[in-house]
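So the structure is just underneath, and the comments pick up after that.
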Amino acid sequence: RQEKLRRQKAMEKDAAETEVQGGIHAFEENLRRTQDQTAGAEPTEEQILNATSTLAPLTFLSNLSSTLPPPSALSKDAVIYMHKIKERKEEENQARRERDRRRRRVLVEQTMTHKDMEDRRSEQEVLERVKTKTEEEQMRATVKLE
């Protein structure tokens with residue numbers, strides 16, 4: 001049981017890690033796309049550093065702000081991300097409910113099997129006692145007849 005929980009947590013961690021990596025990749029791709037649209041070509045790190053050192057802070061901030069995607073795109077991405085989180089949460093809840101249902105069904109089946117075994121065992125004990133008693137009575141009857 002603990003091994004199963006450990007594996008499940010590892011799988012959840014891997015899924016989350018994959019989603020984070022995908023999100024980072026999507027973010028970087030989106031950033032590159034917006035930079036290509038606004039600047040025409042992607043600047044190198046050196047160009048960015050040179051631009052930051054030569055521009056006034058407000059100018060740099062306005063240039064940086066112009067490279068960001070519009071708020072509507074950010075809002076749309078946030079809605080999609082939240083939707084994915086909600087879907088994953090619902091899937092996890094559904095899976096947990098199904099596991100609990102299966103676990104309860106197995107427990108009921110085990111209980112029924114155990115009860116059936118106990119019933120058969122007590123039935124066998126009763127039959128054995130009756131058989132033993134009958135044999136004793138037959139021996140007494142044989143002894144009395146002699």
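What you are looking at is a predicted structure, and each value in this text was computed from that prediction instead of being measured.
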Can you list, pair by pair, the side-chain donor-acceptor contacts under 3.5 Å of residues 111-128, counting residues two or more places apart and other chains?
| unit_1 | atom_1 | unit_2 | atom_2 | d |
| --- | --- | --- | --- | --- |
| T111 | OG1 | L107 | O | 2.8 |
| T113 | OG1 | E109 | O | 2.8 |
| K115 | NZ | D119 | OD2 | 3.3 |
| E118 | OE1 | R121 | NH2 | 2.7 |
| R121 | NH1 | E125 | OE2 | 2.5 |
| S122 | OG | E118 | O | 2.9 |
| S122 | OG | D119 | O | 3.1 |

Apart from V79 itself, residues in the same hydrophobic cluster as defined by side-chain heavy atoms under 4.5 Å: none

By side-chain contact (heavy atoms from CB on, under 4.5 Å) - contacts of Q8 (at least two apart): L5, E12, R99

By side-chain contact (heavy atoms from CB on, under 4.5 Å) - contacts of P70 (at least two apart): S72, A73

Contacts of type side-chain contact (heavy atoms from CB on, under 4.5 Å), residue I80, not counting sequence neighbours: K76, K84

Worked check of salt bridge (Lys or Arg N to Asp or Glu O under 4.0 Å) between D100 and R97: CA-CA 5 Å; D100 290 345; R97 286 191 295 266; over 6 Å; no

Test side chain to side chain donor-acceptor pair (under 3.5 Å) applied to E98 - qualifying residues, sequence neighbours left out: Q94

State which residues pass side chain to side chain donor-acceptor pair (under 3.5 Å) with E17; sequence neighbours excluded, sorted by chain then number. none

Taken in chain and number order and not counting sequence neighbours, the residues that satisfy side chain to side chain donor-acceptor pair (under 3.5 Å) with E136 are none

Other than V143, what residues sit in its cluster of Ile, Leu, Val, Met, Phe, Trp and Tyr side chains whose heavy atoms are under 4.5 Å apart, directly or through others? none

Does anything in residues 19-28 pair up under salt bridge (Lys or Arg N to Asp or Glu O under 4.0 Å), and if so which pairs, sequence neighbours excluded? E19-R88

Who are the side chain to side chain donor-acceptor pair (under 3.5 Å) partners of E87, not counting sequence neighbours? H83

If you measure from CZ on R6 to NZ on K13, what distance do you get to the nearest 0.5 Å? 11.5 Å

Using a 4.5 Å cut-off between side-chain heavy atoms of Ile, Leu, Val, Met, Phe, Trp and Tyr, which other residues end up in the same hydrophobic cluster as Y81? M82, I85

